[in-house]
Protein chains: 2
Amino acid sequence: MSSRKSKQPTIWDIAIKLNVSISTVSRALRNAGDINPETKKAVLEMAEKLDYQPNAIASSLRKSKTSVIGVMVPEFIHPYFPRVILGIQEIANAMDYKVIVMQSNESYEIEKQNIQAMFALRVDGLIMAVSRETTDFEHIRSIQKKGIPIVFFNRVSDELVGSKVVVDDYRGAFLAVEHLILTGCKRIAHLAGPDKLTMSINRRNGYLDALRTHGIAADGRLIMHSDFVEGRARTYMQELLNNPDRPDGVFAVNDPTAIEALICLKDNDVRIPDEISLITFSNAPHSSFVSPSLTSVVQPLENIGLVAVQLLLRQIDEGQYFTPETVTLDTELVVRKSTRNLAD
Amino acid sequence: MSSRKSKQPTIWDIAIKLNVSISTVSRALRNAGDINPETKKAVLEMAEKLDYQPNAIASSLRKSKTSVIGVMVPEFIHPYFPRVILGIQEIANAMDYKVIVMQSNESYEIEKQNIQAMFALRVDGLIMAVSRETTDFEHIRSIQKKGIPIVFFNRVSDELVGSKVVVDDYRGAFLAVEHLILTGCKRIAHLAGPDKLTMSINRRNGYLDALRTHGIAADGRLIMHSDFVEGRARTYMQELLNNPDRPDGVFAVNDPTAIEALICLKDNDVRIPDEISLITFSNAPHSSFVSPSLTSVVQPLENIGLVAVQLLLRQIDEGQYFTPETVTLDTELVVRKSTRNLAD
DNA sequence: AACGTTTCCGGAAACGTTCTCGGAAGCTGC
DNA sequence: GCAGCTTCCGAGAACGTTTCCGGAAACGTT
């Protein structure tokens, strides 16, 4: 009959039991000054006894600050974004910020909705990687205009202002290819990404410059620009193998590409790394599933998150006096079994 | 000098411009009744013009309802939980609920903190898989006592009351092993999980009963109970191979175990599936990385999320009159290349 | 012309906090 | 015994909504 929607205890309940005012209770709970240690103790005990839990909603409303930062990523099926989020959460929690995560599922529409939702929840700031579908950025600018700080990572656009944290694609690629050269590869192919993507371009340039630096002439036939459709990389790898003068090293633009190449090489009974070495620019911290395990250039995933949060919090604190920064993080070469030893 | 912390427009701003009351604006915005279509139109236009975005915080406070459901998972590095969350988000969004995701990182302490945080944010309900570390459930019961509905999935405990959605481990295992038998395997090993975990036990029982049903005697030496430490499964697989009478079929309790077994088999130059068939009880929808691709029993991941949300929303609506339900979902056998054909 | 209904709107109280302000005690020093 | 401090506390206004309630106007009915 009576729907007894069990109400949560509030600072009022504490105040009444103790015969003090709610201001006093509030002060005690936030351990602000202006309070007698004894009353404070009494309040804390009563709070404990009533199992009082502060209402963040009310607090946020009053303070016009939620202490929540939103994170929006295209997806978290693949291990890349989850790792970054881990880094974000770690430091955010340490700074007494809550993190809420949403995924756009690579859809512009959902991204737009989520941005709205995040703003409706009045997050103090936003860390995001835009969806692959997104070409129009008005929804993002719109909430930037409203004063919400945003830090971008991974998928960044020159059309947007704001802090950004990215990895050094060029240098990473350079390192990877140089490693192939130093371990004896003479004829190095590149399974590249779409040739309009800045990321692909930077990595290809790294590849080219590594060759040049070490006096190896680039051969256009060894560069295969794939869209990222499943199976494409495999086809290209097969083409490379069908060629009379096969490469003796392959630099793959990312993990999925490398895996396809690997499968193709195995199907052709090519010995790795003896006949052909394989190296990849990796998103994930390890590719331990596969055998042989892949030598790769890896990104400092947790670090990306960490830096992003730091930039965001600074912007939250400094407000409009903050000027956006772009931080470029370095990659690291992790040598595994798909390339030869330096000693060779 | 003046910190001009740009305030967001509120219903007040709209009301003043239009010379109406905030009640009217509110009614127009929520398209409630009791409003003249023309005034409503005017309000909507003005809202658009001022770029008004509702303040969910204030609304939640007033309504004592946030329309947010919390999701807490141990991690989302592996593809399992992200898939489930996808299912959750899809239906939750359709029902005008926002989803916020947190991960406990398999830590009891973080889980506890996150539960607090979720409650502080006054989520309307919670969908969770408890962390591996969690053996004490007081923090969960505590907020259940406060009236927050919770639906558990994947990691459930008999010690907790509440709706649960799980998959039929027994039946899935049965199907898997039966498939091995039907494709000609006579001597089937089981790389099992920890023998105290209900999940492991159920899957092992499915294995045993499948053998029994088809008149095959179980052999204790063919059952290897692994803890889930990396490398263990590989060792056990090697042991099985060292044995004079090798198995001709292997049922792996999960994907990582299967992958290790696969690598071991390849290293021993065992032909799959001709010499030994391999089947796995899978978390992920596919294991397409590996070659040969693995025949597996898969869980309806998106469905788990979907069912969980439905249960939760019913509980939110029906309140205390709701009685918890446990839903057991069926698995599906997906035949790939690591088992022989039925025709054989 | 009086009355009942419907349609629309405004006032004002909530929701649970935070925080400014002022003021009542109690203390010090002279 | 008074001025000035310090220490502690309460009153009350905000934050931006929703929603109950009452009432004014407009309409229809007899």
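Treat the numbers as computed from the prediction; the structure is a model and nothing was measured. Throughout, protein chains are lettered first and strands after them, A, B, ... in sequence-line order, and every chain is numbered starting at 1.
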Output field dot_bracket for DNA chain D (Watson-Crick or G-U, both distances under 3.5 Å, | for other-strand pairs) contains ||||||||||||||||||||||||||||||
Write out a two-atom table: protein N or O, nucleotide N or O from nucleotides 5-10 of chain C, distance below 3.5 Å.
{"residue": "C:dC9", "atom": "OP1", "partner": "B:Thr39", "partner atom": "OG1", "Å": "3.1"}
{"residue": "C:dC9", "atom": "OP2", "partner": "B:Asn36", "partner atom": "N", "Å": "2.9"}
{"residue": "C:dC9", "atom": "OP2", "partner": "B:Thr39", "partner atom": "OG1", "Å": "3.0"}
{"residue": "C:dC9", "atom": "N4", "partner": "B:Asp34", "partner atom": "OD2", "Å": "3.1"}
{"residue": "C:dG10", "atom": "OP2", "partner": "B:Ser21", "partner atom": "N", "Å": "2.8"}
{"residue": "C:dG10", "atom": "OP2", "partner": "B:Ser21", "partner atom": "OG", "Å": "2.9"}
{"residue": "C:dG10", "atom": "OP2", "partner": "B:Thr24", "partner atom": "OG1", "Å": "2.4"}
{"residue": "C:dG10", "atom": "N7", "partner": "B:Arg27", "partner atom": "NH2", "Å": "3.1"}
{"residue": "C:dG10", "atom": "O6", "partner": "B:Arg27", "partner atom": "NH1", "Å": "3.1"}

Grab the CZ-P distance between A:Arg122 and D:dG16 for me, whole Å please. 9 Å
Neighbour count above 12 (heavy atom, 6.0 Å) for B:Glu90 CD: no
Are B:Asp51 and A:Lys146 ion-paired here, with the side-chain N under 4.0 Å from a carboxylate O? yes
Main-chain N/O of B:Arg314 paired with B:Asp317 side-chain donor or acceptor, under 3.5 Å: no
Find the distance B:Ile11:CD1 to D:dC15:P and express it as a whole number of Å. 12 Å
Residue-phosphate contact under 4.0 Å: A:Arg30 side-chain N/O, C:dC19 OP1/OP2: yes
Can you measure A:Phe119 atom CZ to D:dG16 atom P for me and round it to whole angstrom units? 11 Å
In whole angstrom, what separates B:Asp13's CG from D:dC15's P? 11 Å
Rounded to the nearest Å, what distance is computed from the CG atom of residue A:Leu18 to the C1' atom of nucleotide D:dC9? 13 Å
Does A:Ser163 reach the main-chain N or O of A:Glu325 with its side chain, forming a donor-acceptor pair under 3.5 Å? yes
What nucleic acid atoms does B:Thr10 come within less than 4.0 Å of, heavy atoms only: base, sugar-phosphate, or nothing? sugar-phosphate
Is B:Arg122 close enough and on-axis enough to B:Phe119, meaning under 6.0 Å and within 45°, for cation-pi? yes
Is there a salt bridge (charged side-chain N to carboxylate O under 4.0 Å, His left out) between A:Glu106 and A:Arg155 once you walk through the steps? CA-CA 11 Å; A:Glu106 297 283 13; A:Arg155 319 268 190 86; 2.8 Å; yes
Taking CG from B:Leu61 and P from C:dG16, how many angstroms apart are they, rounded to a whole number? 7 Å
Interatomic distance, A:Lys63 NZ vs C:dT20 P [rounded to whole Å]: 13 Å
B:Gln89 side, atom CD; A:Met102 side, atom CE - distance, nearest 0.5 Å: 8.0 Å
Are B:Thr24 and B:Ser21 close enough, and set up right, to give a side chain to side chain donor-acceptor pair (under 3.5 Å), and what steps lead you there? CA-CA 5 Å; B:Thr24 305; B:Ser21 75; 3.2 Å; yes
B:Lys41 vs B:Glu38, salt bridge (charged side-chain N to carboxylate O under 4.0 Å, His left out): CA-CA, chis, key distance, verdict: CA-CA 5 Å; B:Lys41 184 155 161 284; B:Glu38 286 180 26; over 6 Å; no
Whole angstroms only, please: what is the CD-P distance between B:Gln8 and D:dG16? 9 Å
